[in-house]
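Residues take their numbers from the sequence shown, with the count starting at 1.
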Amino acid sequence: MIDNELRAGMKTLRTVPGGLLLGSTGARLWADYVKPAPGFAGRFDFIHKVNIPMLFRISINGRPCSMDTAISDWYPSQLRMTYTDDWIAYEETKFITWDDCAVSCQSWTNRSDQEISLNLEAPSGFAAAGAGCLQGGFDIPFYSFDIDACIASSDSQLLNEGIKVAPGEVKTFIVALSAGIRSQDPMDTLEERAVQAVGKYTADVAMASSEQEKVFEKWFDGTPRFKCNDPLLNKTWAYRWFLLRHNLADPRYGLLQHPLFYEGRSHKKSKRPFSKGGWEFSKLINLSVPLHITDAKWHHDPAASMGALRNMQDTPAENGMYCCLTVDERMHSFANYIGWAAYNLFLVHRDEAAVLEALPGLKAQVSSWQEVYGNETDSLMTEYRHTRTGKEYQPSYWYFHNYPQDPKDPETYTHVKRVDRTVYHYMNIIGVARLCELVGDPDSAVYLQLAERVKNDVLTKMWDEATAFFYDLHYQTDEMAFVKNIVGVYPAWAGLLDNRHDQLIKHLLNPSEFATACRYPSVSADSTAYAKEGGWFGRFVKGRNGCMWNGPTWPYTNSIALDALARESKRSGHAYDGEFAKGLREYSFLHFQNRDLSRPCLVEHYNSQTGEPLSDEQEYNHSFYIDLIISHVAGLSLSADSLSLEPLDIGLDYFELDRVKAAGQDIRITYGKPGLGRYPDGIEEGYRLYVNGKLVCKQDRLAFVQTISIP
């Protein structure tokens, strides 16, 4: 079970002393952090960042409890706490259910020689509604919704005069707060949810913990299973599925009517009560949606992946471009590869009606990009704001002004034809063309011709033969900005290369460039503006934890760089399988604090020499990993009418990929290294493919398997 795999002890925010993390999240309600105290005090959010300081808490003899020395144990599904002193012994399990109930199961033992009183403290304005619950709400001044809530308890005395605990006596109870949108979720419904939550979890802390674990596990029943002899890969696989579940949301309000995955839970933003703290990650961010889909497409339920598409389809910009969205606002648009991600989503989940629904919007993306970012001389895309590809402060924008001391001075900033935006454009065009083919749309030929023009311009104008790298170009003169940004390997990721470009991938393997101790930095380590920890020539222009793409390592581009390395290894007769293995392991280690597998944690970016986390928004969801395992370690790839296998040999003794549901088939792939003589149950010697329970292919060793038709 996911709780057993990822249990992490005390898990806290670096920037909030004592701020404990909570893994479980509701469709709309979640905890930024909880304080080490009984109940739910800390910072709590609803749909977006709202910073509610308290849902409810328990006091002793009228005084708030602060249990800073309590022992906490983080699990994906819940947080468990214990505390003992001369007066009391206390045990609690707390979690948030998918239907937005904050549930606390508590057991108290009076170790003193005096009676104590336990009282429930509710937020200001909550009042009794009959004998069984308290009702109230939270006014949210900066969004169009306000929040109503209902608190219920398994012991009604707790809501009234309090619970008396005699010396030596043990009292156990459950408290639940149910939250909803005022005017949309009736108070009667919220009361029913709270009462059901209290009744569902028996007033026994251990049994309540067990029940919540089972409920939480159900989502993971829809994930493929991967196991191998490397515990690092196994644990990272489990954690990556947890990242998706933790960031899964379903606001069902305003401009977000469909489920989606958030990019993160906004830990680095302001904690001021009832404030939204500026830019946050708990919204639809069209930059990260394709990365979510790249991994989440392998979940048996495509609802959240397709939901993200539908949210953007429902509210595009006037020119048709997909945008970032809150429930109230259509925001700006980032560069992204949503067309390519959508095509691969529909290869796994075959749904012609959904393809026909998605195609007009995806076609509009291509047209709007050409209109806004295109030019009359070629098919390359010009980026006018360095933030819009999600890689702010990449030095190529300042190359033509010799890297000024103040990068915020608009006079020293040059627009460039960007490698990443152009490669995304190419991939989106190809994705739309392939989707057209799936449904018999004749526009496919037009898009394939357009893609060929983009490909030709990338290879002809952005490639420098002398240095064997792809560079951004001056937007007017096409002069190369000789800065080796990590995006220079994107053409390999997109499959654009031939034998003229064989030396490109060597840059990823060079310790003086991208093979730093914490690979792969956002800018080559030999670049003039390289700064391993961010900042701009010694100045932290965005603060200590600010986003800087001039040297730190980002999981976002690590996933793409590794995908590119894997594809180049296959193109070159598997020459780089070993290097891919090294890179994959180092990328995997980023998911654990201090490389300690008992402390799962992924943040936004890292020092590219030391691996030190440079940010604190744990469980950050802006990269992919699961697809690397399925596509390159197990070797599975899909097309419209077939599947094929081509794994990389990363030195494993064995692996098993099971419970893959794709194109209407149940797929299982196993590998046992020849000559070991002993393998885990269900794994035999050699490389094997099972489809719908039948062995359809067997190889003695890891090897390319010819395409197998899909019925």
Notebook entry, point to check: Are the aromatic ring centres of Phe482 and Phe469 under 6.0 angstrom apart?
Noted result: no

Check: Quick one: are the ring centres of Phe46 and His48 less than 6.0 Å apart?
Finding: no

Notebook entry, point to check: Have Arg240 and Ser623 got a donor and an acceptor in their side chains that come within less than 3.5 Å?
Noted result: yes

Check: With no hydrogens and no angle check, do the side chains of Thr294 and Tyr337 hold a donor and an acceptor under 3.5 Å apart?
Finding: yes

Checklist line | Asn428 side-chain N/O to Tyr424 backbone N/O, donor-acceptor pair under 3.5 Å | finding: yes

Notebook entry, point to check: Looking at the rings of Phe145 and Tyr253, which for Trp means the six-membered one, are their centres under 6.0 Å apart?
Noted result: yes

Margin query: For a quick check under 3.5 Å, do Thr236 and Tyr587 share a side-chain donor-acceptor pair by atom type?
Written below: no

Check: Can the ring centres of Tyr397 and Tyr399 be said to be less than 6.0 Å apart?
Finding: no

Notebook entry, point to check: salt bridge (charged side-chain N to carboxylate O under 4.0 Å, His left out) with Lys271: which residues, sequence neighbours excluded?
Noted result: Asp32

Notebook entry, point to check: Taking atom types as modelled, is there a side-chain donor on Asp314 or His258 under 3.5 Å from an acceptor on the other?
Noted result: yes

Margin query: One thing to verify: whether Lys506 and Glu513 come together as a salt bridge, which I'm taking to mean a side-chain N less than 4.0 angstrom from a carboxylate O.
Written below: no

Check: Ring centroid separation for Phe470 and Trp463, is it under 6.0 angstrom?
Finding: yes

Item checked: Under 3.5 Å donor-acceptor, Thr389 side chain and Ala335 backbone -> no

Next item on the list: Determine whether the side chains of Ser288 and Glu263 contain a donor N or O and an acceptor N or O closer than 3.5 Å.
Entry: yes

Item checked: Pairs satisfying ring pair (Phe, Tyr, Trp, His ring centres under 6.0 Å), at least one member in residues 510-544, at least two apart -> Trp398-Trp536

Check: Side-chain contact, heavy-atom cut-off 4.5 Å: Asp472 with Val483?
Finding: no

Check: Between the side chains of His474 and Lys417, does any donor sit under 3.5 Å from an acceptor?
Finding: no

Notebook entry, point to check: For Asp526, what residues pass the salt bridge (charged side-chain N to carboxylate O under 4.0 Å, His left out) criterion, not counting sequence neighbours?
Noted result: Lys484

Note to self: Looking at Asn456 and Glu452, would you say the former's side chain and the latter's main chain have a donor-acceptor pair under 3.5 Å?
What the structure shows: no

Margin query: Centroid separation under 6.0 Å, is that true for the rings of His246 and Tyr262?
Written below: no

Margin query: Please check: side-chain N/O of Thr477 versus main-chain N/O of Glu479, any donor-acceptor pairing under 3.5 Å?
Written below: yes

Check: Should Arg310 and Glu357 be marked as a salt bridge (charged side-chain N to carboxylate O under 4.0 Å, His left out) after you check the CA-CA gap, both sets of side-chain angles, and the distance that decides it?
Finding: CA-CA 9 Å; Arg310 287 172 173 138; Glu357 176 189 349; 3.0 Å; yes

Margin query: Hydrogens and angles aside, do Lys363 and Tyr447 bring a side-chain donor and acceptor to less than 3.5 Å of each other?
Written below: no

Margin query: My understanding is that only one of Asn286, Leu255, Leu362 makes a side chain to side chain contact (heavy atoms under 4.5 Å, CB included) with Met312; could you say which?
Written below: Asn286

Notebook entry, point to check: Would you say the ring centroid of Trp493 lies under 6.0 angstrom from that of Tyr490?
Noted result: yes

Next item on the list: Cation-pi check, Arg421 to Tyr373: give yes when NZ or CZ is under 6.0 Å from the six-membered ring centre and within 45° of the ring axis, no otherwise.
Entry: yes

